[in-house]
Amino acid sequence: MSKEGKYVYCIIEGNEGRNFGPIGIGKRGDVVSTLGFNDISAVISSSPVTKYVIDPDNLVAHEKVIEEVMKDYTVLPLRFCTIANSAEEIRTFLRRRYGEFKGMLRDMDNKVEMGLKARWTDMKKIFAEIAHEDPAVRDGKKTAGDQSGDPDGEVKIALGMAVKAALEKKKEMDGEKILNKFKRVAVDVRKNDPVGDNMFLNAVLLVDRTREKQFDYLVEDLAESYKDTVDFKVVGPAPPFNFVNIEMKL
């Protein structure tokens, strides 16, 4: 039988002793509550001291607790599957890093994370633009066309590499062009790798809650400007998972 410990979800300001209900990770109905030190608290629930599998059920359970807490508090998320052996261990963690957490709570006050993805909707058009605009691709296609019959393997490989490099370059340029629109709205930006040939932007932006509407209007304007050529997807508002990465070390 696994030893019982305390799963730690996030750090919040305040020490009033909150109960968020039986929403803890692990499907046992564990109550999520707070454990405080001075004027900050850790949001915790009872849990076996075990390694939770990184699967959709556990990740969603972890994130949903933090999202619930975010309704009333600024949150500093901890890494998935952060489990302390005891409440005293958590208090020691809060005491040792108290100044750091206070500063981070000030920095993240009233901030939310907004995910923004952009995908081209017509890849034939994109590849045609690359073939027309990029010298290496243009030369590669000419070399392949000059050969009688089927081009040899080296020519095909060189052309494929040129197309790949040109596509990556276009992704970077088009992605930056989109992100520049949000300079006055976003406090910070993190770029993740795009997935697939058609996605050219996969970013998360840290936005003050007072500017959420402005963010939405910018996305609407972009969707209208790029109508029929780019598909935009927004995820959020969410806790600042990409901007806070706290690991519990004692």
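Bear in mind the structure is a predicted one, so any value in this text is a computation, not a measurement.
- Ile44 contributes atom CD1, which lies 12.0 Å from atom CG of Leu78 (distance to the nearest 0.5 angstrom).
- Side-chain contact check for Phe182 versus Val189: every heavy-atom pair is 4.5 Å or farther apart.
- Residues Lys6 and Ser45 bring no donor and acceptor atom of their side chains to less than 3.5 Å of each other.
- Both Val234 and Leu201 belong to a common hydrophobic cluster when Ile, Leu, Val, Met, Phe, Trp and Tyr are linked at side-chain heavy-atom distances under 4.5 angstrom.
- With values rounded to the nearest 0.5 angstrom, Lys227 atom NZ is found 13.5 Å from Phe232 atom CZ.
- Asp57 and Tyr52 are not linked by any side-chain donor-acceptor pair at a separation below 3.5 angstrom, with hydrogens and angles left out of the test.
- Heavy atoms only, all atoms of each residue included: Phe93 and Ile11 are closest at CE2-CD1, 4.1 Å.
- Just one residue in the list Asp107, Asn110, Asp109 forms a side-chain hydrogen bond (donor to acceptor under 3.5 Å, both in side chains) with Thr74, and that residue is Asp109.
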Go through it in stages, so that I can follow the logic: the residues are Glu13 and Tyr73, the test is side-chain contact (heavy atoms from CB on, under 4.5 Å), and I'd like the CA-CA distance, side-chain angles, deciding distance and then a yes or no. CA-CA 7 Å; Glu13 193 127 37; Tyr73 298 91; 5.7 Å; no
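- Pairing each heavy atom of Asp55 with each of Asn58, the nearest pair is OD1-N, 2.8 Å.
- Rounded to the nearest 0.5 Å, atoms CD1 (Ile126) and CG (Asp197) are 11.0 Å apart.
- Under the 4.5 Å side-chain contact rule for hydrophobic residues, Val187 and Met108 share a cluster.
- The hydrophobic cluster containing Ile54 also contains Ile66, counting ILVMFWY residues as joined when their side-chain heavy atoms lie under 4.5 angstrom apart, directly or transitively.
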Would Asp188 and Lys111 count as a salt bridge (charged side-chain N to carboxylate O under 4.0 Å, His left out) if you check the C-alpha gap in whole Å, the side-chain angles of each, and the deciding distance to 0.1 Å? CA-CA 10 Å; Asp188 201 357; Lys111 308 292 192 307; over 6 Å; no
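- The number of heavy-atom neighbours closer than 6.0 Å to OH of Tyr98, taken from other residues, nucleotides and ligands shown, is above 12.
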Start with the C-alpha gap between Glu172 and Lys169, add the side-chain angles, then the distance that decides, and say whether salt bridge (charged side-chain N to carboxylate O under 4.0 Å, His left out) holds. CA-CA 5 Å; Glu172 183 69 24; Lys169 183 180 177 182; over 6 Å; no
Under the side-chain contact (heavy atoms from CB on, under 4.5 Å) criterion, do Asp30 and Tyr7 qualify, and how do the steps go? CA-CA 10 Å; Asp30 289 298; Tyr7 192 105; over 6 Å; no
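- Residues Val31 and Leu35 do not share a hydrophobic cluster, clusters being chains of Ile/Leu/Val/Met/Phe/Trp/Tyr side chains in contact below 4.5 Å.
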Where do Arg97 and Glu100 land on the salt bridge (charged side-chain N to carboxylate O under 4.0 Å, His left out) test, with the steps shown first? CA-CA 5 Å; Arg97 298 179 64 178; Glu100 177 189 354; 2.9 Å; yes
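- The two residues Thr34 and Ser41 have their closest heavy-atom pair at CB-CB, 3.9 Å.
- Between Arg119 atom CZ and Phe200 atom CZ the span is 10.5 Å, to the nearest 0.5 Å.
- Counting heavy atoms from C-beta outward, Ile178 and Leu222 have side chains that approach closer than 4.5 Å.
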Lys102 and Asp39: salt bridge (charged side-chain N to carboxylate O under 4.0 Å, His left out), yes or no, with the steps? CA-CA 9 Å; Lys102 286 290 286 184; Asp39 56 349; 2.8 Å; yes
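- From Asp174, atom CG reaches atom CG of Leu179 across 11.0 Å, with rounding to the nearest 0.5 Å.
- Asn15 places none of its side-chain heavy atoms less than 4.5 Å from the side chain of Asn38.
- Checked for salt-bridge contact, Arg18 and Glu68 miss the test: no charged N lies under 4.0 Å from a carboxylate O.
- The nearest pair of heavy atoms linking Val207 to Glu212 is CG1-N, 4.3 Å.
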Take Asn202 and Asp193 through the side-chain contact (heavy atoms from CB on, under 4.5 Å) test and state the conclusion after the steps. CA-CA 6 Å; Asn202 184 11; Asp193 292 334; 5.9 Å; no
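- In this structure, NZ in Lys171 is found 14.5 Å from CD in Glu176, a value given to the nearest 0.5 Å.
- The shortest heavy-atom contact between Phe80 and Leu59 is CD1-CD2, 3.8 Å.
- Across all non-hydrogen atoms, the minimal contact from Ile12 to Val75 is CG2-CG1, 4.0 Å.
- Salt bridge annotation for Lys124-Asp122: absent, with no cationic side-chain nitrogen under 4.0 angstrom from a carboxylate oxygen.
- In the hydrophobic clustering of ILVMFWY residues, with side-chain heavy atoms under 4.5 Å counting as a link, Met123 and Ile130 come out together.
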